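The next block holds one structure in the form of structure tokens; read it before the comments.
Note that these values count all heavy atoms, side chains included, but never hydrogens, waters or copies made by symmetry. Quick note on labels: first sequence line is chain A, next is B, and so on, each numbered from 1. None of the values given here were measured: they were computed from a predicted structure.
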Amino acid sequence: KTFRGKIDEEVIGSLEEILLAADIGVATTDALLEGLKAAYRKGEIQSQAQVLDYLKAHLKEKLGGAGGKLNMAEKPPTVILVCGVNGCGKTTSIAKLTYYFAQQGKKVLLCASDTFRAAAVDQLNTWADRLGVAITRGQQGADPASVAHDAHEKALKGGFDVLIVDTAGRLHNDKNLMRELEKIARVGKKHVPDSPHEVLLVLDATTGQNAIRQAEAFTEAIQVTGIVLAKLDGTAKGGMIVPIREELGIPVKFVGLGERPTDLAPFDADTFVEGMFS
Amino acid sequence: SLSDSFQGAFDRLFSGGKLTAQNIDEGLREVRKALLEADVSVSVVKEFIANVKESAVGQLQVEGVDPSQQIVKIVSDELVRLMGPIDTRIKINNERPTVIMMVGLQGSGKTTTTGKLAKYLVEKKKKKPLLVAADLQRPAAIEQLHVLGESLGVPVYSEQPGEKKKGLTGLFSRQTRAAEVCRNGIKHAENSGRNVVILDTAGRLHIDDELMKELEDVKKLTKPDNIFLVCDAMTGQDAVHSAKQFNDRMAIDGVILTKLDGDTRGGAALSIKAVTGKTIKFIGTGEKLDRLEEFHPERMASRILG
Ligand SMILES: Nc1nc2c(ncn2[C@@H]2O[C@H](COP(=O)(O)OP(=O)(O)OP(=O)(O)O)[C@@H](O)[C@H]2O)c(=O)[nH]1
Ligand SMILES: Nc1nc2c(ncn2[C@@H]2O[C@H](COP(=O)(O)OP(=O)(O)OP(=O)(O)O)[C@@H](O)[C@H]2O)c(=O)[nH]1
Ligand SMILES: [Mg+2]
Ligand SMILES: [Mg+2]
């Protein structure tokens, strides 16, 4: 028989603090708690003790389904474009993805399309050397789109399986830089019509609610197909991915767990949600 | 300077025209929501609301003032008071080169801000800075600092990995190297007439005990006159954890908040000040090296309140 009571306000209060402290955000937290109260009234939750398990299961279901699943091209090369705001972890995440593909025996070409920031090309070049993969670069200050264009040509001619394009960090409210990003994404289609097959937005796990704005703006410019949640090895919980999945339908595909090439893991909703409440 | 929605919510709440215990609570719920949406940490919001409530209740007696304006003013004044004062002071050492140590999480903007500080010190304070590349870990970190130094005409001190300087006992662990590079850099400044040294350290997690110890070793060996924590303005709830750890272990002298040219509300500013008690001295407002400004609490307060 069903328990038609009300969840203890203290229980709701402490859950609210956990969710807010995890960067889930006010609106999403309120909606989750309302959902809990409704489930309790309907008898889907039978006792106070079940409240947390119900919430965890609900979140796990919301976030699952896309961990580690990248869109691969029908025939090579698969083109992966990596974007995000300044310092979030794009270049390092690319090193990790490169290692991930190299382990699978795939031939990777890197494209250094950050032609703006000091030593950005050097940084990616160092990774290319360490990982033993080819890299296309342009001159400092060269048009990033032209470097990307050349990389697509080289990827085809050189029989590469995967082309990963690194772009400069940019704030999503900078109209010129977002236009530049659109151009970088578009220019490869001349040689590889379905490029980019995967557009990965890298989010820094320590970012707050602004992450939602970032996801909105980047996806408006160049349809984001997946998120890499970097720096999850810190103390931040990365809860912004919940409203991002809920409101924008963008899934997290990988998480960054450190600064080495091996520190990448396919996103696992169970692990993530448990981590949020630990 | 508060957004219409915020002011509007208050106008509805206080349309009765009087500040009462009940509508104070409802008004403060709106404030709480605004602060949380702005990324102010949950514990900081709690304390802030409790303090504001006290002042609000105390002002119940004030006749003739529109209550919603009253609450807005109390909240805004309290934010400004908490995050202030304006304090761009950099401690100068008159005995030897002034040492500034930059610390913070990965990607927060330390290297870029090192360049910005150098430009500020040259142009505004007529100093002769030397930049020290103390990040021996990140690929091309040393090159990055050299490029910035070159663009400013400011010298950069760095050592190649495995390079041995007089006095080393052959320990090439990263831990001893960073501190020694810094100490050698300061010696180099003394020998070349540079009067400020800025140490650009590697980004690290506040929970990485080994790397936090590396910072303590650098501090012990170089005795910095200023330790600045460089924080990303878009940081969320985690700001209280990282800032607290860096301050507890390093005793920072001030904070520099970066990437404020973005559209983040920046509630981390309040969290960081609340949990460290250290002032935010400067803000970064762009990638170019001239994009360093003084921190203004009133502007930050109205940005946080949205
Ligand atoms: N702890 C930790 N650090 C990371 C992770 N991912 C990246 N980093 C570090 O974050 C810093 C910035 O990483 P980058 O890869 O240069 O970031 P980016 O987005 O390419 O930066 P810009 O190109 O300047 O916008 C570096 O110190 C990285 O080592 C992660 O998953 N965990
Ligand atoms: N838009 C904007 N970008 C900034 C600002 N400050 C730094 N950046 C950018 O943020 C990114 C990271 O800056 P870095 O100076 O490399 O950061 P860091 O803290 O030295 O990084 P690590 O050494 O890897 O920890 C770069 O793309 C910078 O150009 C700022 O105020 N505004
Ligand atoms: Mg990069
Ligand atoms: Mg750096």
Relative to chain A, which segment of [X] carries a heavy atom at a distance below 4.5 Å: side chain, backbone, both, or neither?
| X | answer |
| --- | --- |
| B:Ile207 | side chain |
| B:Ser41 | neither |
| B:Glu287 | side chain |
| B:Arg138 | side chain |
| B:Asp208 | neither |

Judged by atom type as modelled, is there a donor-acceptor pair below 3.5 Å linking the side chain of [X] to the main-chain atoms of [Y]?
| X | Y | answer |
| --- | --- | --- |
| A:Asn125 | B:Ala140 | no |
| B:Lys33 | A:Val26 | no |
| A:Asp23 | B:Gln237 | yes |
| B:Asp238 | A:Lys237 | no |

Inset, instruction - Any chance you could lay out the side chain to side chain donor-acceptor pair (under 3.5 Å) test for A:Glu259 and B:Gln137, step after step, and finish with the verdict? - result: CA-CA 10 Å; A:Glu259 305 191 63; B:Gln137 192 266 114; 3.3 Å; yes
Inset, instruction - Locate the shortest heavy-atom distance separating A:Ala118 from B:Val147; write the atom from each residue and the value. - result: CB-CG1, 3.6 Å
Legend entry - Taking every non-hydrogen atom, the tightest pair across A:Leu171 and B:Gly262: CD1-N, 3.4 Å
Inset, instruction - Identify which of B:Ser43, B:Pro139, B:Gly115 forms the greatest number of heavy-atom pairs closer than 4.5 Å to chain A. - result: B:Pro139
Inset, instruction - Name the option with the most non-hydrogen atom pairs under 4.5 Å to chain A; the candidates are B:Gly267, B:Gly107, B:Ala38. - result: B:Gly107
Legend entry - Full working for side-chain contact (heavy atoms from CB on, under 4.5 Å) between B:Met234 and A:Gln214: CA-CA 11 Å; B:Met234 63 183 91; A:Gln214 293 172 24; 3.2 Å; yes
Inset, instruction - Starting from the C-alpha separation in whole Å, work towards a yes-or-no answer on side-chain contact (heavy atoms from CB on, under 4.5 Å) for B:Thr235 and A:Thr207. - result: CA-CA 4 Å; B:Thr235 308; A:Thr207 307; over 6 Å; no
Measure the [atom1]-[atom2] distance between [X] and [Y] for me, rounded to the nearest 0.5 Å.
| X | Y | atom1 | atom2 | value |
| --- | --- | --- | --- | --- |
| A:Arg117 | B:Thr112 | CZ | OG1 | 7.0 Å |
| A:Asn86 | B:Ser108 | CG | OG | 12.0 Å |
| B:His206 | A:Thr235 | NE2 | OG1 | 3.0 Å |
| A:Thr206 | B:Asp232 | OG1 | CG | 6.5 Å |
| A:Asn173 | B:Asp261 | CG | CG | 7.0 Å |

Inset, instruction - Check whether any side-chain heavy atom of B:Gln106 lies under 4.5 Å from a side-chain heavy atom of A:Thr92, and answer yes or no. - result: no
Inset, instruction - Take A:Asn210 and B:Asp39 through the side chain to side chain donor-acceptor pair (under 3.5 Å) test and state the conclusion after the steps. - result: CA-CA 9 Å; A:Asn210 195 250; B:Asp39 290 324; over 6 Å; no
Inset, instruction - In sequence, state the C-alpha distance, the side-chain angles, and the governing distance for A:Asp122 and B:Gln144, and then conclude on side-chain contact (heavy atoms from CB on, under 4.5 Å). - result: CA-CA 9 Å; A:Asp122 290 311; B:Gln144 186 183 2; over 6 Å; no
